[in-house]
2 protein chains.
Amino acid sequence: MTKLNPNGKAFTELVLEVFRLNGRLLEAGDRLTQPVGLSSARWQILGVVEHGPITVAHVARIMGLTRQSVQQTANSLEKEGLIEFLENPHHRRSKLMAMTPEGRKALDYTQEQHAVWANKIGEEHDLDCLRAAVDVLRQVSKSLSHE
Amino acid sequence: MTKLNPNGKAFTELVLEVFRLNGRLLEAGDRLTQPVGLSSARWQILGVVEHGPITVAHVARIMGLTRQSVQQTANSLEKEGLIEFLENPHHRRSKLMAMTPEGRKALDYTQEQHAVWANKIGEEHDLDCLRAAVDVLRQVSKSLSHE
DNA sequence: TCCATTATGACAGGTTCTTGTCAATATGAG
DNA sequence: CTCATATTGACAAGAACCTGTCATAATGGA
């Protein structure tokens with residue numbers, strides 16, 4: 001029977017905290033976005049599309065999700081007029097997602113709400129500690145990506 | 001238009017990293033548990049039940065999930081014989097989840113796999129950094145719980 | 001050019017978690 | 001004891017992810 005060593009134990013605690021925090025963050029995100037008919041998932045995609053027309057598959061790669069998952073959300077965003085699919089000169093089937101004025105408006109609202117919220121929560125914590133934690137999470141993420 | 005200050009920006013980056021890491025961890029957990037018919041979600045519940053008979057609602061509170069979500073998973077675990085519902089002397093409707101020998105066997109396997117994996121990943125990172133990150137995540141979680 | 005490989009969207013089906021509702025069961029104040 | 005309130009399990013519906021499969025479209029080597 002293998003036992004957890006100190007590092008293994010600390011990593012395990014990190015895992016549990018990530019799960020718990022993830023839940024709380026999704027909840028907060030949904031609350032932030034709900035007034036304009038968004039949600040955490042839809043907001044994240046809109047936040048990528050904001051930087052310029054991009055394909056579904058590309059967004060999936062950036063966000064670490066599956067193509068199909070992003071496709072579903074994208075289709076739903078299009079149906080509600082928050083994004084539109086533009087012809088892609090480089091690929092006939094793979095259309096480019098682009099923001100519509102309505103999408104822009106919804107995202108503007110959400111980003112404003114987010115900034116207020118993030119500043120408030122951020123100020124409750126030490127800047128260096130926050131940054132150090134981000135670094136650790138990035139390193140761990142990297143560890144997991146090529147295991 | 002409110003702008004993100006340094007703390008707000010650092011917190012936002014933390015949020016994005018938590019989302020990304022959460023995905024990777026679920027993936028790893030599913031891989032670990034799949035050989036014995038478990039999954040990340042089922043494993044987590046079994047891991048709580050391991051410490052003694054406990055009600056569905058209590059587990060939900062511990063894990064930060066909804067009652068209904070835990071209930072569904074618990075019902076499915078019972079159907080497959082990994083847990084059983086014992087009569088609760090303190091509450092007629094709220095039965096106590098308890099591990100069966102089969103549940104014990106599945107959990108033993110998974111915990112062994114987990115220990116090997118967690119030790120391996122843990123050793124790729126500095127112990128103090130891991131612990132500091134856990135602390136930050138706990139603090140942030142706490143910030144969010146009473147906002 | 002031809003063809004194997006890869007990338008993509010569409011579709012089907014499944015898991016996990018969510019919200020909302022309901023009836024049954026504690027619990028506690030008066 | 002009584003009754004409002006809180007807790008609980010069951011059930012339904014939906015969101016957001018997943019895997020697998022398929023046909024179509026792009027790509028790159030022979």
Side-chain angles (χ1 to χ4, degrees), chain A residues 19-31 33-34 37-46 53-80 82-83 85-97, chain B residues 18-31 33-34 37-48 53-80 82-97:
Chain A
F19 286 157
R20 209 163 301 157
L21 189 49
N22 184 73
R24 297 233 158 107
L25 291 173
L26 284 178
E27 187 191 357
D30 285 343
R31 204 163 49 232
T33 54
Q34 192 218 349
L38 287 179
S39 67
S40 296
R42 295 149 76 79
W43 171 28
Q44 271 189 280
I45 292 185
L46 223 45
I54 187 172
T55 66
V56 163
H58 196 171
V59 170
R61 281 189 295 266
I62 288 175
M63 292 177 53
L65 299 176
T66 60
R67 224 169 9 103
Q68 295 87 331
S69 168
V70 176
Q71 185 81 49
Q72 279 182 327
T73 308
N75 289 347
S76 142
L77 284 172
E78 190 223 6
K79 202 180 301 175
E80 295 172 26
L82 298 171
I83 64 169
F85 288 114
L86 307 179
E87 292 303 321
N88 184 349
H90 301 307
H91 198 300
R92 195 187 307 174
R93 299 189 68 193
S94 194
K95 307 270 175 68
L96 293 168
M97 291 187 277
Chain B
V18 167
F19 285 158
R20 209 164 301 155
L21 189 50
N22 185 73
R24 297 232 159 108
L25 290 173
L26 284 178
E27 186 190 357
D30 286 342
R31 205 164 50 234
T33 53
Q34 191 219 350
L38 287 181
S39 67
S40 296
R42 296 149 76 79
W43 171 29
Q44 272 189 277
I45 291 185
L46 224 45
V48 178
I54 186 172
T55 66
V56 163
H58 195 173
V59 170
R61 281 190 295 266
I62 290 174
M63 292 175 54
L65 297 177
T66 61
R67 221 167 16 101
Q68 294 87 332
S69 169
V70 175
Q71 184 82 49
Q72 282 178 329
T73 308
N75 289 346
S76 142
L77 284 171
E78 189 221 8
K79 201 182 302 175
E80 295 172 27
L82 297 172
I83 65 169
E84 58 187 337
F85 288 113
L86 307 179
E87 291 302 322
N88 183 350
H90 301 306
H91 198 301
R92 195 187 306 175
R93 300 189 69 195
S94 194
K95 305 273 175 66
L96 293 168
M97 291 187 277

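Order of the sequence lines sets the chain letters (A, B, ...), proteins ahead of strands, with each chain counted from 1.
With a 4.5 Å cut-off on side-chain heavy atoms, A:R42 and A:T33 do not count as touching. By the 4.5 Å heavy-atom criterion applied to side chains, B:M97 and B:V48 are not counted as neighbours. Within the 4.5 Å cutoff, the side chain of A:Q72 has no heavy atoms near those of the A:Q68 side chain. The shortest distance between side-chain heavy atoms of A:L82 and A:L38 falls below 4.5 Å.
In this structure, CZ of A:R24 is placed 15 Å from P of C:dC17, rounded to the nearest angstrom. Regarding A:H90, its NE2 atom lies at a distance of 13 Å from the P atom of C:dT8, rounded to whole Å. Between A:N88 atom CG and D:dT24 atom C1' the separation is 15 Å, expressed in whole Å. Spacing between atom CD of B:Q34 and atom P of D:dT19 amounts to 11 Å, rounded to whole angstrom units.
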- Criterion side-chain contact (heavy atoms from CB on, under 4.5 Å) on A:T73 and A:L65, from CA distance to verdict: CA-CA 11 Å; A:T73 308; A:L65 299 176; over 6 Å; no
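Distances shorter than 4.0 Å separate some side-chain N or O of B:R92 from OP1 or OP2 on C:dA26.
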- Query: Using a cut-off of 4.0 Å between protein heavy atoms and nucleotide atoms, how would you tag nucleotides 7-18 of chain D 5' to 3' with B, S and -?
  - Reply: -BBBB----SBB
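In summary, the side chains of B:D30 and B:S40 do present a donor paired with an acceptor at a separation below 3.5 Å, with no hydrogens or angles considered.
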